[in-house]
Novice: 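I have a structure here, written as structure tokens, and I will follow up with some questions on it.
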Amino acid sequence: MLNRQQAPDFKQVSTINFIHPEKKVLDNGISVFTIYSGEQDLVRIEFIFDNVNWKSEKPLQAIAVSALINNGTNKLSAKEIAEQIDFYGAFFQTEYVQDQSSVTLYTLNKHLRSVLPIVKDVLSESQFPQQELDIYIQNQKQKLQVNLKKNDILARKEFAHALFGNTAYGVNIQAEHYDGLKREDLVDYFKAAYAPNNCTIIVSGKFDEASFNLLNDAFGKDWEKSNAIKNSFDFAATAKQTIYTEKPEALQSAIRIGQLAINRKHEDFSGLQILNTVLGGYFGSRLMNNIREDKGYTYGIGSGVSSLQQAGYLFIATEVGADVCAAALTEIYKEIEILKTELVGDKELNLVRNYMLGSMLGSLENVFSHADKFKNIYFAGLDYDYYAKYIETVKTITAEELLAMANKYLTTDHFTEVVIGNK
């Protein structure tokens, strides 16, 4: 009989199996990576475009194009696009991130013949009507006005700008940037970025040879290429920066601390992820145990390691009571120094190992998540060896290696410290 008073033994994850994609090429040279799962008649098709032609004086071009791309073409109005997609039970979404913009279609496989031409029309013939642009500008300025009153959002903006300056990674968007948006600039950017030679297609779900032929018929021809230049930035570590915006009326202060670091391409990245997990990367982390559980300064605190295509960074973020902000900062730096001077204990390290391996396994819940894992490595120029090395590193890294990692990457004399509120 099962003894419910006794916790089950931990069993470390031994292997994690990834679904590898099959690569094909459309007639016009677009690479198509298919991660096949034939259990359900559902398919996700992602059209991914590198962000290009960065101009610091026009920082909203890519963002606005991504937001407005489905708001009207030569053939269809925004309302007609939405109604036709909805008629087939499909779902259409756009997304902008610092390195890429994407258009994603979810649909039943049996409706591909009907919905793919609609998406092709959007990706090749969008017109960005002035009326839609005017509404977008008005809404975004109102949203910005609200966000600029939120300490956590201000801290994130100031932190990114301090690390990355006036690049796509760090530009500090203001209301005047929206006032400067021009329809002709959006059209120019659309023609430059949304082109077949700047497109990668990733398909996940039920997608057979007949489906590929439909995709090729729709997107493998009659789509004009461009001569766009992919964004490229250089960043260098700086001396310690302290950015403080006082808000006398604030009950809470937003804290964001961190620095430039390595990205996924670097051999130390997996080890740095483990170190980050110990510090603040999960609910049982040291920062949570100290700042939340022991001191009661916050509801939540965490740290992270982010990998961008041309940079990486680590950060610690929290909101604390304004009256304990200084004390919270002291405790954060204390936890960092402990990691740099004392070995992580075996019990804690084994807990982190189990957590990270379990999280990796749990993140592969369906075919779409397998596609997401592929995107992480493909756009970083890596292969599946990356995940094999990650898993091996999690299983075998020593406390001594983590200590060395902490001294190498948690260099507080290069930290940027942002506080919005009172300290």
Side-chain angles (χ1 to χ4, degrees), residues 50-51 97-100 156 159-165 167-170 230-241 256-282 285-287 302-317 332-333 335-337 339-340 344 349 352-353 355-357 359-360 363 372-418:
D50 288 325
N51 294 333
V97 293
Q98 294 100 321
D99 289 307
Q100 295 157 330
R156 185 168 65 245
F159 180 78
H161 187 64
L163 260 59
F164 300 117
T167 69
Y169 294 170
K230 183 179 177 180
N231 292 346
S232 179
F233 310 112
D234 291 314
F235 306 103
T238 61
K240 186 175 179 66
Q241 303 179 75
R256 202 166 186 91
I257 304 171
Q259 67 179 129
L260 290 174
I262 55 178
N263 63 10
R264 191 173 278 109
K265 299 176 186 178
H266 196 284
E267 62 181 3
D268 286 345
F269 188 72
S270 296
L272 184 58
Q273 288 178 295
I274 300 167
L275 179 67
N276 168 72
T277 304
V278 174
L279 176 62
Y282 75 124
S285 70
R286 293 188 176 189
L287 288 176
S303 64
V305 181
S306 292
S307 177
L308 304 169
Q309 282 193 1
Q310 298 171 57
Y313 65 97
L314 59 90
F315 66 92
I316 299 165
I332 290 170
Y333 285 109
E335 292 297 340
I336 292 172
E337 288 306 310
L339 279 175
K340 295 168 71 174
V344 177
L349 184 51
V352 168
R353 294 189 209 278
Y355 168 78
M356 295 185 73
L357 292 172
S359 294
M360 171 66 80
S363 69
D372 293 336
K373 287 292 187 289
F374 170 68
K375 286 188 293 183
N376 287 342
I377 56 175
Y378 176 75
F379 290 109
L382 301 169
D383 56 29
Y384 280 92
D385 285 346
Y386 167 82
Y387 289 122
K389 292 175 182 176
Y390 170 86
I391 293 167
E392 184 64 19
T393 300
V394 173
K395 288 182 175 181
T396 62
I397 197 167
T398 65
E400 289 78 11
E401 289 172 320
L402 284 177
L403 183 70
M405 197 78 65
N407 282 280
K408 185 175 182 181
Y409 292 109
L410 299 180
T411 52
T412 53
D413 54 338
H414 292 292
F415 270 21
T416 292
E417 177 187 302
V418 178

Novice: How far apart are the C-alpha atoms of Leu339 and Met405, what are their side-chain angles, what is the distance that settles it, and do they pass the side chain to side chain contact (heavy atoms under 4.5 Å, CB included) test?
Specialist: CA-CA 9 Å; Leu339 279 175; Met405 197 78 65; over 6 Å; no

Novice: So, taking the atom named CG in Leu272 and the one named CG in Leu402, what distance separates them when rounded to the nearest 0.5 Å?
Specialist: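 Answer rounded to 0.5 Å: 10.0 Å.
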
Novice: For the residue pair Tyr169 and Phe164, categorise the inter-ring angle as parallel (less than 30°), tilted (30 to 60°) or perpendicular (more than 60°).
Specialist: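 Perpendicular: the ring planes of Tyr169 and Phe164 meet at over 60°.
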
Novice: Between side-chain atoms of residues 373-382 and protein atoms elsewhere (two or more places apart, or another chain), which donor-acceptor pairs fall under 3.5 Å?
Specialist:
unit_1	atom_1	unit_2	atom_2	d
Lys373	NZ	Ser363	OG	2.9
Lys375	NZ	Glu46	OE1	2.6
Lys375	NZ	Asp372	OD1	3.2

Novice: Which heavy atom of Gln259 sits nearest to which heavy atom of Phe159, and what is that distance?
Specialist: N-CZ, 4.1 Å

Novice: Measure from the side-chain N and O atoms of Thr412 to the backbone N and O of Phe415, and report whether any donor-acceptor pair falls under 3.5 Å.
Specialist: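 No, the answer is negative, given that no donor and acceptor are paired below the 3.5 Å cut-off.
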
Novice: Would you please name every residue forming a side chain to side chain contact (heavy atoms under 4.5 Å, CB included) with Ala162, sequence neighbours left out?
Specialist: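 With sequence neighbours excluded, Ala162 shows a side chain to side chain contact (heavy atoms under 4.5 Å, CB included) to Gln241, Ile243, Thr416, given in chain and number order.
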
Novice: Measure the CG-CD1 distance between Asp268 and Ile262 for me, rounded to the nearest 0.5 Å.
Specialist: 5.0 Å

Novice: For a quick test of reading the model, state the closest non-hydrogen atom pair linking Ala168 to Gln98 and the distance between them.
Specialist: O-CG, 3.8 Å

Novice: Tell me the closest heavy-atom pair linking Leu357 and Lys395, and the distance in Å.
Specialist: CD1-CG, 3.9 Å

Novice: Please determine if Lys389 and Glu392 form a salt bridge, counting it only when a charged side-chain N lies under 4.0 Å from a carboxylate O.
Specialist: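 Looking at Glu392 together with Lys389, the answer is no, because their closest N to O distance does not fall below 4.0 Å.
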
Novice: Show the nearest heavy-atom pair for residues Asn276 and Val305, with the distance to one decimal.
Specialist: CB-CG2, 3.5 Å

